[in-house]
Amino acid sequence: MDLIKYFTFSMIISILGIRGILLNRRNIPIMSMPIESMLLAVNSNFLVFSVSLDDMMGQSFASLVPTVAAAESAIGLAIFVITFRVRGTIAVEFINSIQG
């Protein structure tokens with residue numbers, strides 16, 4: 001098993017995720033998609049380390065990552081809906097005026 005190929009793949013996905021966040025600053029749901037791709041890169045790293053070290057901890061963490069991502073998406077979607085109902089837009093330019 002050639003680990004360098006898998007780590008390179010994971011690194012490319014992470015870099016594309018960071019690039020996606022930095023380039024898409026107009027719409028919040030579009031900004032959340034690169035975060036999910038970075039979670040995919042972390043998940044693949046967990047699986048590669050688990051197989052290479054012959055340890056089950058990486059696979060257990062890899063099963064936990066989609067659970068956290070689903071919870072994050074549900075909470076984020078609720079915030080988007082509430083923000084859209086109150087302000088009428090979910091553009092990032094107007095989000096900085098939200099006060100607790």
Tell me, which pairs form a ring-ring contact (aromatic ring centres under 6.0 Å, His included) where one or both residues lie in [range], sequence neighbours left out?
range	value
residues 66-93	none
residues 14-43	none
residues 16-52	Phe7-Phe49, Phe46-Phe61

- Query: How does the hydrophobic cluster around Met33 look, that is, which other residues are in it when side-chain heavy atoms under 4.5 Å mark a link?
  - Reply: Ile30

- Measure the spacing between CG of Asn24 and CZ of Arg19 and express it to the nearest 0.5 Å. 9.0 Å

- Message: Would you compute the distance between atom OG of Ser50 and atom CE of Met56 and round it to the nearest 0.5 angstrom?
- Response: 6.5 Å

State which residues pass side chain to side chain contact (heavy atoms under 4.5 Å, CB included) with [X]; sequence neighbours excluded, sorted by chain then number.
X	result
Glu36	Leu39, Ala69, Glu72, Ser73
Ile18	Leu22, Met38
Ile4	Asp2, Thr8

- Message: Are Leu77 and Ile35 connected into the same hydrophobic cluster when the rule is that any two of I, L, V, M, F, W, Y join if their side-chain heavy atoms are below 4.5 Å apart?
- Response: no

Donor-acceptor list for residues 10-17 side chains, cut-off 3.5 Å, not counting sequence neighbours:
{"unit_1": "Ser10", "atom_1": "OG", "unit_2": "Ala41", "atom_2": "O", "d": "2.9"}
{"unit_1": "Ser10", "atom_1": "OG", "unit_2": "Asn45", "atom_2": "OD1", "d": "3.3"}
{"unit_1": "Ser10", "atom_1": "OG", "unit_2": "Asn45", "atom_2": "ND2", "d": "3.2"}
{"unit_1": "Ser14", "atom_1": "OG", "unit_2": "Ser10", "atom_2": "O", "d": "3.1"}

